[in-house]
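Just so you know, these numbers come straight off a predicted model, no measurement behind them.
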Amino acid sequence: MAEVKLLAAWPSPFYYRVVWALKLKGIAYEFIEEDLANKSPLLLQYNPVHKKIPVLLHRGKPICESMIILEYIEEIWPQNSLLPSYPYDRAIARFWIKFADEKSPAIWMVFRTNGEEHEKAVKDSL
């Protein structure tokens, strides 16, 4: 049994966030692809509240939500830090991370809508 497993689906930007962190830190993991249209019993078992990906399993314990997973990865495997070492620089990095998280849904909608919805999405993303 792999110590680290990742339940996710490849088109998810939240999945890539976790994969990049694992790769940057050199952490081996087993990828378990989820079909978002037909969620597996494993996903429903390990994320019964939101029933969403990604879910990181470490030693059989689930960690949900990509940003929480990244914080966990950073604490468990401190090598190759994801954030700058100086507190001010870390605060600035966290600001931009939060900014990107807040803007991502609007940017995603730019590519998924038409007409007035598209115009609103463009405006919101700018």
Side-chain angles (χ1 to χ4, degrees):
M1 180 169 125
E3 182 177 286
V4 179
K5 297 181 181 183
L6 180 61
L7 283 68
W10 69 264
S12 167
F14 305 105
Y15 153 72
Y16 285 111
R17 191 184 267 180
V18 175
V19 166
W20 291 335
L22 290 169
K23 288 187 180 214
L24 285 169
K25 290 187 167 281
I27 308 303
Y29 66 95
E30 177 185 342
F31 174 65
I32 302 171
E33 187 165 3
E34 283 293 324
D35 176 0
L36 299 181
N38 186 22
K39 296 177 181 174
S40 74
L42 198 60
L43 176 62
L44 300 176
Q45 174 188 349
Y46 286 119
N47 193 354
V49 175
H50 297 294
K51 301 171 178 74
K52 293 182 179 179
I53 56 153
V55 176
L56 182 81
L57 298 175
H58 182 225
R59 298 182 181 150
K61 295 180 182 178
I63 300 95
C64 305
E65 302 290 328
S66 63
M67 289 307 298
I68 295 168
I69 292 170
L70 293 183
E71 290 175 13
Y72 180 83
I73 289 170
E74 186 73 350
E75 290 176 12
I76 295 297
W77 296 284
Q79 74 275 12
N80 302 329
S81 182
L82 301 172
L83 292 170
S85 58
Y86 294 105
Y88 176 78
D89 294 338
R90 277 195 311 271
I92 296 302
R94 286 187 176 115
F95 169 84
W96 287 112
I97 291 166
K98 186 173 188 302
F99 179 82
D101 267 356
E102 291 170 354
K103 289 294 181 183
S104 293
I107 293 169
W108 183 251
M109 292 306 290
V110 168
F111 300 103
R112 297 179 51 103
T113 57
N114 296 313
E116 288 181 20
E117 282 185 75
H118 179 76
E119 290 175 23
K120 181 183 181 318
V122 169
K123 181 180 177 187
D124 290 348
S125 67
L126 294 175

Would you mind reporting whether [Y] and [X] have side-chain heavy atoms less than 4.5 Å apart?
X      : Y      : value
Gln79  : Ile27  : yes
Val110 : His118 : yes
Ile73  : Leu56  : yes

Exercise. Could you give all pairs that pass the salt bridge (Lys or Arg N to Asp or Glu O under 4.0 Å) test and reach residues 109-121, with sequence neighbours left out?
Worked result: Lys120-Asp124
Exercise. Which residue pairs satisfy the salt bridge (Lys or Arg N to Asp or Glu O under 4.0 Å) criterion with at least one member in residues 39-53, sequence neighbours excluded?
Worked result: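 For residues 39-53, and leaving out neighbouring residues, there are no salt bridge (Lys or Arg N to Asp or Glu O under 4.0 Å) pairs at all.
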Do any side-chain atoms of residues 85-100 form donor-acceptor pairs under 3.5 angstrom with protein atoms, and if so which ones, sequence neighbours left out?
{"from": "Arg90", "atom 1": "NH1", "to": "Ser85", "atom 2": "O", "distance (Å)": "2.6"}
{"from": "Lys98", "atom 1": "NZ", "to": "Glu102", "atom 2": "OE2", "distance (Å)": "2.4"}

Exercise. Given the rule that I, L, V, M, F, W and Y join up when any side-chain heavy atoms are under 4.5 Å apart, are Ile68 and Leu6 in one cluster?
Worked result: yes
Shared-cluster residues of [X], by chain and number - hydrophobic side chains joined below 4.5 Å:
X     : result
Phe14 : none
Ile32 : Leu7, Leu36, Leu42, Leu43, Tyr46, Ile53, Val55, Leu57
Val49 : none

Can I get a per-line list of side-chain donor-acceptor pairs under 3.5 Å for residues 60-67, giving both atom names and the distance, sequence neighbours left out?
{"from": "Ser66", "atom 1": "OG", "to": "Arg17", "atom 2": "NH1", "distance (Å)": "2.8"}

List in chain and number order the residues that pass side chain to side chain donor-acceptor pair (under 3.5 Å) with [X], two or more places apart in sequence or in another chain; answer none if no residue qualifies.
X      : value
Ser40  : Glu34
Ser81  : Glu74
Lys103 : none

Problem set entry | Residues which pass ring-ring contact (aromatic ring centres under 6.0 Å, His included) with Tyr15, listed by chain and number, not counting sequence neighbours |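 Phe31.
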Exercise. Nearest 0.5 Å, what's the CG-NZ distance between Asn80 and Lys23?
Worked result: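 Between Asn80 CG and Lys23 NZ, I get 14.5 Å after rounding to 0.5 Å.
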For this session: Can you run down the ring-ring contact (aromatic ring centres under 6.0 Å, His included) pairs that involve residues 48-77, sequence neighbours left out, and say none if there aren't any?
Result: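 Of all non-adjacent pairs touching residues 48-77, those that pass ring-ring contact (aromatic ring centres under 6.0 Å, His included) are His58-Tyr72, His58-Trp77.
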